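This report concerns only the one structure given below.
No hydrogens, no waters, no symmetry mates; every other heavy atom, side chains included, goes into these values. Owing to the predicted nature of the structure, the values given are computational and were not obtained by experimental measurement.
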Amino acid sequence: MAFLELPRHRLRYVVEGPADAPWLTFCNSLGTDLHMWEPQARAFSGRFRVLRYDRRGHGLSSTPPGLYTVDDLGADVLALWNHLGIERSHFCGLSIGGLTGQWLGVHAGERLLSLTVAATAAKIGSLESWRARIDQVRAAGLQPLLEGTRERWFSTAFAQTHAQQVEDILQRFLTTSAEGYAGCCNAVGHADFRDRLADIRVPTLAIAGDQDPVCPPADLQAIATGVAQGRYASVPGRHICNLESVDAFNAALAAHLHA
Ligand SMILES: O=C(O)CC1=CCC(=O)O1
């Protein structure tokens with residue numbers, strides 16, 4: 001574990017895998033941290049140099065004041081890559097991580113070996129709904145969001161059969177900084193790549209959770225057809241589909257990475 005110190009905040013990151021292997025960067029979703037990628041780090045760190053980090057306002061990264069934009073989140077990735085001497089990396093992001101990936105595809109495509117976006121959309125929800133969530137979190141913290149989050153993130157069957165794993169990830173959700181969460185809600189609310197998908201030229205895989213109530217399969221299909229070189233895959237599960245369907249998710253990612 002290490003930290004990148006930036007002028008206004010610090011980012012916690014972990015690097016695993018052979019020093020001479022191609023880079024593969026994972027980017028977490030709203031209310032999670034780099035632990036959400038444990039099964040992927042285990043599966044891919046034999047063949048890739050895997051970088052995971054905590055988005056600003058999440059995990060052990062710090063929470064710079066104010067509301068964030070997806071430009072800020074993309075700049076954090078570039079700051080990490082520059083710090084680590086990474087010229088080009090594969091990138092896999094889920095939900096807000098997928099928005100960050102779309103930003104990279106549009107603004108820094110030359111730094112991408114490939115792009116994978118999961119459980120995301122070119123535009124997620126309405127600005128009004130995200131403003132309401134910011135107000136709610138600032139007024140009452142994350143606890144009131146807990147049950148709704150469980151419902152959106154995991155199917156009932158998975159939550160029953162993987163109760164401890166689900167409790168662990170929801171405990172991490174509850175320790176997320178309310179201000180950091182609110183700052184990232186602002187980034188989600190304003191991000192809109194619907195008119196920019198064709199500018200993403202790098203090979204792109206869009207993975208949907210087939211029961212995701214936040215970003216349903218049609219959102220991922222739209223990304224796959226909107227980018228220049230897109231492919232679509234669907235795996236069983238709701239929003240956090242990399243955990244609900246580890247084997248299917250990893251197989252789709254491995255095929256995309258030719259791993
Ligand atoms: O609302 C949620 O918890 C799902 C979500 C939307 C953006 C993101 O990263 O997670």
Side-chain angles (χ1 to χ4, degrees), residues 2-14 23 25-34 36-37 51-84 86 88-89 91-112 115-135 137-138 142 172-173 175-197 199-200 202 214-215 223:
F3 290 90
L4 169 60
E5 303 288 346
L6 293 164
R8 293 176 69 244
H9 62 297
R10 63 191 334 222
L11 295 172
R12 186 261 292 252
Y13 66 91
V14 172
W23 284 94
T25 303
F26 287 103
C27 185
N28 60 298
S29 62
L30 188 66
T32 64
D33 66 13
L34 56 75
M36 76 171 287
W37 296 111
L51 168 64
R52 292 180 283 159
Y53 74 103
D54 293 338
R55 165 187 325 295
R56 58 169 66 197
H58 288 65
L60 297 185
S61 291
S62 68
T63 302
L67 296 171
Y68 317 140
T69 66
V70 72
D71 293 359
D72 295 326
L73 306 182
D76 284 349
V77 177
L78 294 180
L80 275 168
W81 285 355
N82 292 342
H83 171 70
L84 292 167
I86 301 173
R88 300 180 75 203
S89 175
F91 185 92
C92 175
L94 190 140
S95 201
I96 188 174
L99 291 172
T100 309
Q102 290 171 76
W103 186 93
L104 290 166
V106 170
H107 296 282
E110 73 285 357
R111 304 290 295 269
L112 291 173
L115 177 61
T116 299
V117 296
T120 192
K123 170 145 188 63
I124 303 178
S126 68
L127 183 54
E128 295 68 34
S129 69
W130 287 105
R131 283 191 171 135
R133 201 182 299 187
I134 291 168
D135 292 345
V137 166
R138 283 184 159 168
L142 288 174
R172 290 185 194 281
F173 167 76
T175 62
T176 304
S177 148
E179 265 310 295
Y181 184 95
C184 287
C185 286
N186 187 70
V188 177
H190 284 88
D192 186 350
F193 293 102
R194 286 174 294 185
D195 291 337
R196 302 302 305 273
L197 289 177
D199 297 333
I200 300 177
V202 68
V214 183
C215 300
I223 292 175

Between [X] and [Y] (side chain of the first, backbone of the second, donor and acceptor by atom type, cut-off under 3.5 Å), is there such a pair?
X	Y	answer
S62	H9	no
R56	C184	no
N82	A79	no
T100	L73	no

To the nearest 0.5 angstrom, please state how far the [atom1] atom of [X] sits from the [atom2] atom of [Y].
X	Y	atom1	atom2	result
L84	Y13	CG	OH	4.5 Å
H83	F3	NE2	CZ	12.0 Å
T120	Q102	OG1	CD	5.0 Å
C185	I96	SG	CD1	7.5 Å
S129	L127	OG	CG	8.0 Å
D199	H107	CG	NE2	9.0 Å

> Would D33 and R12 satisfy side chain to side chain contact (heavy atoms under 4.5 Å, CB included), going step by step from the backbone distance to the final call?
Replying inline: CA-CA 10 Å; D33 66 13; R12 186 261 292 252; 4.0 Å; yes
>> Under 4.0 Å between a side-chain nitrogen and a carboxylate oxygen: does that hold for R88 and E110?
In response: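 Between E110 and R88 there is no salt bridge, as every charged N stays at least 4.0 Å from the carboxylate O atoms.
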Taking all atoms of both residues into account, what is the closest heavy-atom pair of [X] and [Y], and its distance?
X	Y	value
S89	T25	OG-OG1, 2.8 Å
G180	H58	O-CE1, 4.0 Å
S61	L11	OG-CA, 3.3 Å
I134	N186	CD1-N, 3.7 Å
S177	T63	OG-OG1, 3.3 Å
M36	S29	SD-N, 3.4 Å

>> Taking side chain to side chain contact (heavy atoms under 4.5 Å, CB included) as the criterion, tell me which of L99, V188, D192 meets it with K123.
In response: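 The single option meeting the side chain to side chain contact (heavy atoms under 4.5 Å, CB included) with K123 is D192.
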> Which is it for W37 and N28 under the side chain to side chain donor-acceptor pair (under 3.5 Å) test, yes or no, and what are the steps along the way?
Replying inline: CA-CA 8 Å; W37 296 111; N28 60 298; 5.6 Å; no
>> For I86 and L80: C-alpha separation, side-chain torsions, deciding distance, then whether side chain to side chain contact (heavy atoms under 4.5 Å, CB included) applies.
In response: CA-CA 8 Å; I86 301 173; L80 275 168; over 6 Å; no
Is [Y] close to [X] at the side-chain level, that is, under 4.5 Å between some pair of heavy atoms?
X	Y	answer
C215	I124	yes
D76	L6	yes
L78	L104	yes

>> For W103 and V77: C-alpha separation, side-chain torsions, deciding distance, then whether side chain to side chain contact (heavy atoms under 4.5 Å, CB included) applies.
In response: CA-CA 10 Å; W103 186 93; V77 177; over 6 Å; no
> What do the steps show when you test I223 against I200 for side chain to side chain contact (heavy atoms under 4.5 Å, CB included), and what is the final call?
Replying inline: CA-CA 10 Å; I223 292 175; I200 300 177; over 6 Å; no
